[in-house]
Amino acid sequence: MRRLIQIVFLWCLCIPIFAQAEGWPSQYKGVMLQGFYWDSYDDTKWSVLTNQAEELSRNFSLIWIPNAGKTSSFYHDPNSKSMGYDPCFWLNNNSCFGTEEQLRTMISTFKEKETGIIADVVVNHKNGLDSWADFPNENVTGSKTGFNYSLTWDNNNFSGICRTDEANRKDDSPVKGKLTGNDDTGDDFDGYRDLDHTNATVQQNIKTYVNFLKNELEYAGFRYDMVKGFGAGFIQIYNNEAKPTYSVGEYWDGNYTNVVNWIKGTGYTSAAFDFPLKDIINNAFENNNWGALSNKGIAGDPNMSRYAVTFVDNHDTYREKSNRLDNNVLAANAFILAMPGTPCIFLQHWKDHKVELAKMIAARKEAGITNQSKIVSGKYYDGGYVTIVQGENKKVMVLSGFPQGVDMRGYTKVSEGTAENPNYAYYIETETAKDINVYVKADQDPLYLYVWGANDEVLSDGWPGTQLGHKKMVGDTPYYYMTFKTNSLNFIVSKGGDDTKTGNIENITGDVFYTYSNNNVTDETEENKDKVISDEISPLTFNNNELVAFFESPVAWNSVSCWAWNTERQGVKYTGDNWPGQPCQYVGKAANGNKIWKWKYNNSQTDSPNKFLFNDGQDNTSVKSSEYEIINGGYYTMSARTGIGINTTTLFDREFTANRRSTICLPFGISSEEMSQLKGKAYYMAEKKGDVLIFKEVTAIEAFKPYLFVANVTAKSLQPFNDKYILCGTPIPEQVGTFKFIGTMERKNIVSDNTTNYYIYIANDGTFAQANEQHGVNVGAFRCYFSCPTGTSPAKDIEFESTTGINHHVSTSTHDGNIYNLNGTLVAKDGNMERLPKGIYILNGKKISSMY
């Protein structure tokens, strides 16, 4: 067998991902800086921040800056100051912080250093130019995009302003009684005009605005101001339009449920500042009430921490004594720098504690703490609280207060409190822990794994643990598996409850294999330790005889149901009599931590539904996905269809013509012992000689590698392998020089461009066809194509390695296994050279020699 290549596979990498708003990246490791405070006009000038780019980008991946739009006061008096919360212009970005040119320079400077700038987007309300409600029309052609951005407002009927706005009631208002918009969809804001987000013109103007920010000014994302002032669903509309990488809303509310419901209301297209944790921080660190840290806000919820942006203070809380944290400020920052979620450090705190904060940020990055890292331990000790979080590489441990009796063996101190800044210590694990895999035979479903480590650190989800979904082949048997970064662990297997749990399996220090049966497990490690273990088994398989779909839900959803209908038959119920519809089957987790569910239509009707949506399975309070057209095997998220799974019918029903060269790229391997079932030979691209590609025969086929295949007989050659488990992975190209041979797991269109030419091989006449730069050519699923840089001499023919030592090439379209003389006359069948006169002949397009 040819060399084995190690590949890291993630769930659903076979799925093409189209751009969509995802709220906040999964497994995000960055730390954000709030680059301003109230009245920080000198410290926050664009030129000042640009000059600090080297230092800031070493520590921060994101910087949130003030609203950059020109205000009406600045329009009338260029010496006036405003923090931007009285927005007037959206497309004119000359303000008291600097010119638009300086803003663009700052954004591009940080972008080059891989730090994104977050725009402060104020669209809850708007200020007039000369009076209360005369919004300026704007028209700008983008210097970068070349796109025309235009904003037009109804300044006659004022239909874009809520009629509940105070300007419709106040006696001194020039527009009293004239505002004709709908009622406000959120809290009133008695400062400027509340925009009516149900109004089509308002929505279009905001879409234009956020597109301008994202695509023309190149902001990395948005911080939405005062999101209590309008419905959460409008954030989903705007984010689905601009598709920012980062979105966070200021939903100022200390109630966990209210903030989480707002995140859900955006369709999970936005994160939120963790105001519930802010209240906890104030209580714990202001009053030395360390036990309060047992509640950790949104960041402490493993299902929601991805969407938590944690902070100690911001520009609003800092300027008011009642909200500002005055005690243990550095200790509080140490706490959020150990926690999951995305920490946002306040500029004034950074200026005051730069050295120690930089140490802890570096340690966080070294440990690999993400916004979805697991809090493996949180304990109150006499005098303080200890939080331990498992990163991708190491754990970090933060001590809040002065906890007594803490075991710090295996940890190295990063930063600790002083008399001036007491009550904390920050540690990182000294050595990187190893990976331990726990395998459980996948012959039952569901199965749960509850895992804990030293000092009662919980390494899985809370009881009953994590539902197993990821599978690998161990020899010929599928096993569920989970990987833990630790030096030892203990675990329990169950079917989800106390009545099905096993006893404790303890002190595991290496990979183990078990079979679960009747509340017990059998250790099969010895029998399996030397077996070959495959890559991931894909859960995304379907065939033409069934109607299925796959849905990626937020990790917080513990169930998913599908509600389906047919637009032509409104009275027919396809997924049960009542909402929420037909339950879906959990099949695993995506790479981003979200859950994957499979819906399979039960065919109870004579016809089929053509539209559906997914929900969280709740009877009365369901959160719903978008509505979709049904595509068999489609892969859907909350807001988009992002691809399709693997159609096994397409794979196994493919017919190969005898003696014709075909390309294959398979999502499973074929061993040397199994090759005889293939009834043909496979070849890999080995070298290029001039304009000829040389292919050599293989004795086994590796998953996701490209091959030429020549069948012995016309047949569905892959049918013998239709019981193979489909693996999840990405194609692995072969390359000789600058020439590549590339497989694909899906049907795709390839188009040449000014850097790369793409080719398909036409077996009928043994030629290469180049994909043009307009329409390209289509390549079927599980097939291959070629590429080389533009200007490079393309290949003109293919030659299989000769076993005779004669390697002269003769171009011919005949590759049928028969032997011809140089005139093309058939002289022998099936490659039989016996009794052929001495001379030169042609077999499968190559010259061969007979010495008889």
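Source: prediction; values computed, not measured. Sequential numbering from 1 along the given sequence is applied to the chain's residues.
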Practice problem: Given side chain to side chain donor-acceptor pair (under 3.5 Å), test D134 with N155 step by step and report yes or no. | Solution: CA-CA 6 Å; D134 58 332; N155 287 334; over 6 Å; no
Self-check item: Test log, rule side chain to side chain contact (heavy atoms under 4.5 Å, CB included), inputs D154 and T201
Solution: CA-CA 8 Å; D154 175 11; T201 298; 6.0 Å; no
Self-check item: Step-by-step side chain to side chain donor-acceptor pair (under 3.5 Å) determination, S553 to W597
Solution: CA-CA 8 Å; S553 79; W597 307 79; 2.9 Å; yes
Practice problem: For the pair D253 and K228, evaluate side chain to side chain contact (heavy atoms under 4.5 Å, CB included) and give the outcome as yes or no after the intermediate values. | Solution: CA-CA 9 Å; D253 195 315; K228 269 192 169 185; 3.2 Å; yes
Self-check item: CA sep, side-chain torsions, deciding dist, call: N182, T198, side chain to side chain donor-acceptor pair (under 3.5 Å)
Solution: CA-CA 7 Å; N182 290 311; T198 68; 2.8 Å; yes
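Nearest heavy atom pair, residue Q27 against residue N592, reads NE2-O, 4.1 Å. In this structure, L277 and A299 approach most closely via the heavy-atom pair CD2-CB, 4.3 Å. Shortest non-hydrogen contact noted between A564 and T575 is N-OG1, 3.2 Å. Among all heavy-atom pairs drawn from W579 and D619, the shortest one is CD1-O, 3.3 Å.
Residues satisfying the side-chain hydrogen bond (donor to acceptor under 3.5 Å, both in side chains) criterion with K296, sequence neighbours excluded, are Y385.
Annotation: cation-pi geometry satisfied between K126 and F135 (NZ/CZ under 6.0 angstrom from ring centroid, within 45° of ring axis). For the pair K598 and F550, the cation-pi criterion (under 6.0 Å, within 45° of the ring axis) is not fulfilled. Annotation: cation-pi pair R306/W24 absent, no NZ/CZ under 6.0 Å from the ring centroid and within 45° of its normal. A cation-pi contact, defined as under 6.0 Å to the ring centre and within 45° of the axis, is absent between K178 and F158. Geometric assessment of R641 against the ring of Y628 yields a negative cation-pi assignment under the 6.0 Å and 45° thresholds.
Neither side chain, T115 nor S57, offers a donor N or O lying under 3.5 Å from an acceptor on the other. In this model, a donor atom of one side chain and an acceptor atom of the other lie less than 3.5 Å apart for D86 and S82. When only modelled atom types and interatomic distance are considered, N157 and S159 share no side-chain donor-acceptor pair under 3.5 Å. D616 and S559 share no donor-acceptor pair across their side chains, judged by distance under 3.5 Å alone. For the 3.5 Å distance criterion, the side chains of N139 and N148 qualify, holding a donor opposite an acceptor. Of the N and O atoms on the side chains of Y635 and E552, at least one donor lies less than 3.5 Å from an acceptor on the other residue. For the 3.5 Å distance criterion, the side chains of N558 and K595 qualify, holding a donor opposite an acceptor. Between the side chains of N282 and K278, at least one donor N or O sits under 3.5 Å from an acceptor N or O. For Y37 and D43, the side-chain atoms include at least one donor-acceptor pair closer than 3.5 Å. T269 and Q236 share no side-chain donor-acceptor pair at under 3.5 Å. Remark: the T208 side chain and the N211 side chain contain no N/O donor-acceptor pair separated by less than 3.5 Å. Between the side chains of N94 and T99, no donor-acceptor pair is found at a separation under 3.5 Å. Side-chain contact of Q34 with N314: a donor-acceptor pair under 3.5 Å is absent, judged by distance alone. Side-chain atoms of S40 and T44 form a donor-acceptor pair, as typed in the model, at a separation below 3.5 Å. A donor-acceptor contact under 3.5 angstrom links the side chains of H76 and D130, judged on distance only. Residues H315 and Y85 bring a donor and an acceptor atom of their side chains to less than 3.5 Å of each other. A donor and an acceptor atom, one from each side chain of S305 and N371, are nowhere located under 3.5 Å apart. N127 and S72 share a donor-acceptor pair across their side chains, judged by distance under 3.5 Å alone.
Side chains of H125 and P87 form a contact here, defined as non-hydrogen atoms less than 4.5 Å apart. Using a 4.5 Å heavy-atom cutoff, the side chains of V260 and K264 are in contact. Contact of the I118 side chain with the I63 side chain is not registered, since no non-hydrogen atoms from C-beta on lie closer than 4.5 Å. Counting only heavy atoms from C-beta outward, the side chains of D187 and F230 never approach each other to under 4.5 Å.
Ionic pairing of E100 and R104 is present here: one or more N-O contacts between side-chain nitrogen and carboxylate oxygen are shorter than 4.0 angstrom. A salt bridge is defined here as a Lys NZ or Arg NE, NH1 or NH2 lying under 4.0 Å from an Asp or Glu carboxylate O, and D165 with R163 fails to meet this definition. Using a cut-off of 4.0 Å between Lys/Arg side-chain N and Asp/Glu carboxylate O, R324 and D313 are scored as not salt-bridged. Classification of E166 and R193 as a salt-bridged pair holds, one side-chain N sitting under 4.0 Å from a carboxylate O.
A centroid separation of 6.0 Å or more is found between the aromatic rings of F551 and Y636. Between F275 and F311, the distance from one ring center to the other falls under 6.0 angstrom. Ring centroids of F612 and W599 are separated by less than 6.0 Å, placing the two rings close together. In this structure, Y209 has its ring center at least 6.0 angstrom away from the ring center of Y238. Note: Y307 and Y268 meet the aromatic proximity criterion, with ring centroids under 6.0 Å apart. W252 and F273 have their aromatic ring centers separated by at least 6.0 angstrom.
Within the model, atoms CD1 of I161 and CH2 of W132 stand 11.5 Å from one another, a figure rounded to the nearest 0.5 Å.
Using the six-membered ring where Trp is involved, H349 and Y318 have ring planes that are perpendicular, over 60° apart on the 30 and 60° scheme. Under the 30°/60° scheme for interplanar angles, the aromatic rings of W64 and F36 are found to stand perpendicular.
Under the 3.5 Å distance criterion, the side-chain polar atoms of D274 are left unmatched by any main-chain donor or acceptor of G297.
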